[in-house]
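Comments concern the structure below.
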Amino acid sequence: MPELPEVETVRRGLTQLVAGATIDHVEVFYPKMVTPEPEVFTAELIGRKIEKIDRRGKYLLFRFSGNLTMVSHLRMEGKYDVQPEGSPVTKHTHVIFHLTDERELRYTDTRKFGRMRLLKTGTEAEALPSLAKMGPEPTADTLTLTYMQKIFGKSHKIIKPFLLDQSRIAGLGNIYADEVLWLAKINPLTPVDTVTDDQLETLRQAIIAEIKKAIAGHGTTVHSFSTAFGEAGQFQNDLHVYGREGEPCERCGTEIVKIKVAQRGTHYCPHCQPLPPSAEGMFDDD
DNA sequence: AGAGGTGTTGTGCC
DNA sequence: TGGCACAACACCTC
């Protein structure tokens with residue numbers, strides 16, 4: 001579930017808690033979670049200092065001394081937290097980084113989807129295909145209108161899955177994709193090459209503002225997200241359509257509907273977000 | 001109480 | 001190649 005704002009919230013929390021700390025040793029309880037294999041993974045980390053923690057899209061990049069980076073993706077339900085050494089663990093704790101100061105950095109993930117990968121900083125890590133191909137971060141400086149026009153101009157894809165494609169824009173997931181489409185009054189089934197320049201600039205500003213606001217609110221807690229301090233985010237209180245099917249649209253009062261678009265639950269207002277005339281009749285949604 | 005929904009990335013297929 | 005379906009997995013709801 002963690003999208004960019006949640007991952008950034010985790011990054012900031014972990015920076016406060018463990019930047020500067022040194023690894024004493026590491027335990028891996030679920031071998032598939034780490035690359036290379038646990039014997040090598042754990043041996044590599046002994047004695048390394050966590051120099052800083054970066055983020056790219058939804059990936060966390062732990063920078064260790066000796067030019068080593070751990071690329072970590074939380075996928076659906078991955079969590080990091082920091083506890084005193086020896087405090088009780090749950091059955092979903094899969095990796096424990098024992099620090100030299102009698103604390104433990106723990107990775108917990110009920111669905112075991114998350115992955116962490118140890119790579120050389122600056123060469124291997126940045127060359128990881130998912131990182132190398134990632135689109136610009138959704139900030140005003142990096143997500144320019146010119147770039148948006150370029151990627152939207154020639155694709156016949158529909159906009160919802162387009163926004164979820166990390167190689168086009170980094171960091172949007174299912175929740176924020178629905179939210180920004182509602183903010184920009186664009187139907188999720190709209191072919192991207194039919195989006196007008198005005199709509200595109202509205203959408204761009206919605207993406208930038210929404211991500212910024214969600215980071216300020218420490219992310220959205222649906223299901224199970226929590227910050228590195230174990231606290232819930234606040235942004236779920238600011239959602240306009242996600243999880244609100246059957247409720248009135250805040251702008252016009254029409255019932256929010258939920259449909260499936262490219263296998264994903266998709267929430268929108270049929271009145272505020274009409275299909276453009278050019279796309280009518282192309283879809284038989286049910 | 002078993003089936004289906006949940007979301008993200010990587011894969012495998014055509 | 002690019003676009004799409006699905007696997008990876010566990011938990012919750014109906």
Side-chain angles (χ1 to χ4, degrees), chain A residues 1-11 28-35 55-61 70-80 89-95 107-117 119 125 127-135 137-138 151-181 188-193 211 214 219-226 233 235-236 239 241-246 257-268 282-283 286:
Chain A
M1 197 102 359
E3 304 181 31
L4 190 155
E6 292 74 44
V7 178
E8 176 61 17
T9 299
V10 171
R11 189 195 71 79
V28 175
F29 305 106
Y30 182 64
K32 280 182 67 179
M33 192 147 275
V34 302
T35 306
R55 180 192 56 73
R56 179 77 173 95
K58 301 171 191 172
Y59 288 84
L60 286 168
L61 305 169
M70 184 175 79
V71 179
S72 171
H73 198 295
L74 306 172
R75 294 286 186 97
M76 300 297 295
E77 306 210 28
K79 292 174 211 10
Y80 283 100
V89 296
T90 75
K91 63 172 178 172
H92 299 300
T93 298
H94 305 300
V95 182
Y107 180 76
T108 304
D109 188 342
T110 53
R111 292 179 69 177
K112 299 181 179 170
F113 275 9
R115 293 291 180 264
M116 41 191 89
R117 219 181 153 106
L119 296 162
L128 202 63
S130 45
L131 286 174
K133 288 182 195 157
M134 188 163 309
E137 293 283 315
I151 62 167
F152 275 66
K154 50 193 167 191
S155 173
H156 300 298
K157 284 183 72 171
I158 58 177
I159 195 165
K160 171 72 187 276
F162 195 82
L163 289 180
L164 295 175
D165 184 342
Q166 303 296 299
S167 73
R168 294 184 159 106
I169 302 173
L172 296 179
N174 207 34
I175 298 172
Y176 296 112
D178 284 1
E179 292 298 312
V180 298
L181 288 174
L189 294 169
T190 308
V192 297
D193 55 1
I211 293 293
T220 300
T221 294
V222 287
H223 305 299
S224 64
F225 172 75
S226 65
F235 198 72
Q236 64 278 10
L239 298 179
V241 285
Y242 185 87
R244 294 193 178 278
E245 60 269 29
V257 299
K258 182 179 183 184
I259 61 171
K260 226 170 199 61
V261 178
Q263 270 70 277
R264 314 299 302 279
T266 298
H267 312 71
Y268 73 106
M282 285 176 60
F283 305 101
D286 44 14

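To find a chain, count down the sequence lines: A is the first, B the second, and so on, and within it residues start at 1.
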Nucleotide [N], atom [atom2] - distance to [atom1] of [X] in whole Å:
X: A/Arg264; N: B/dT6; atom1: CZ; atom2: P; result: 9 Å
X: A/Lys258; N: B/dG4; atom1: NZ; atom2: P; result: 16 Å
X: A/Arg168; N: B/dT9; atom1: CZ; atom2: C1'; result: 16 Å
X: A/Lys260; N: C/dA5; atom1: NZ; atom2: C1'; result: 13 Å
X: A/Glu3; N: B/dT9; atom1: CD; atom2: C1'; result: 14 Å
X: A/Lys91; N: C/dC11; atom1: NZ; atom2: C1'; result: 10 Å
X: A/Glu77; N: C/dC11; atom1: CD; atom2: C1'; result: 7 Å
X: A/Phe162; N: C/dG2; atom1: CZ; atom2: P; result: 12 Å

OP1 or OP2 of [N] under 4.0 Å from side-chain N/O of [X]:
X: A/Ser130; N: B/dG10; value: yes
X: A/Gln166; N: B/dT9; value: yes
X: A/Tyr59; N: B/dT8; value: no
X: A/Lys58; N: B/dT9; value: yes
X: A/Tyr242; N: B/dT6; value: no

Self-check item: Side chain proximity check, A/Ile211 to A/Leu172, heavy atoms < 4.5 angstrom
Solution: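 A side-chain contact exists here, since the closest heavy-atom pair is under 4.5 Å.
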
Quiz prompt | Given A/Glu6, A/Glu8, A/Glu3, the one that forms salt bridge (Lys or Arg N to Asp or Glu O under 4.0 Å) with A/Arg55 | solution =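 The residue from A/Glu6, A/Glu8, A/Glu3 that satisfies salt bridge (Lys or Arg N to Asp or Glu O under 4.0 Å) with A/Arg55 turns out to be A/Glu8.
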
Nearest to the side chain of [X], which nucleotide is it out of [options]?
X: A/His73; options: C/dA5, B/dT8, B/dT6; result: B/dT8
X: A/Lys157; options: C/dC4, B/dT6, B/dT9; result: C/dC4
X: A/His92; options: C/dC11, B/dT8, C/dC9; result: C/dC11

Quiz item: On a whole-Å scale, what distance lies between the P atoms belonging to C/dC9 and B/dA1?
Solution: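 Looking at atom P only, C/dC9 and B/dA1 are 26 Å apart.
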
Exercise. Indicate whether the side chain of A/Tyr176 and that of A/Asp178 have a donor and an acceptor atom separated by less than 3.5 Å.
Key: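 Short answer, no.
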
Quiz item: Quick one: do the A/Tyr107 and A/Ser72 side chains pair a donor with an acceptor below 3.5 Å?
Solution: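 Short answer, no.
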
Practice problem: Verify ring-ring contact (aromatic ring centres under 6.0 Å, His included) between A/His94 and A/Phe29, making sure each step is shown before the conclusion. | Solution: CA-CA 5 Å; A/His94 305 300; A/Phe29 305 106; 8.3 Å; no

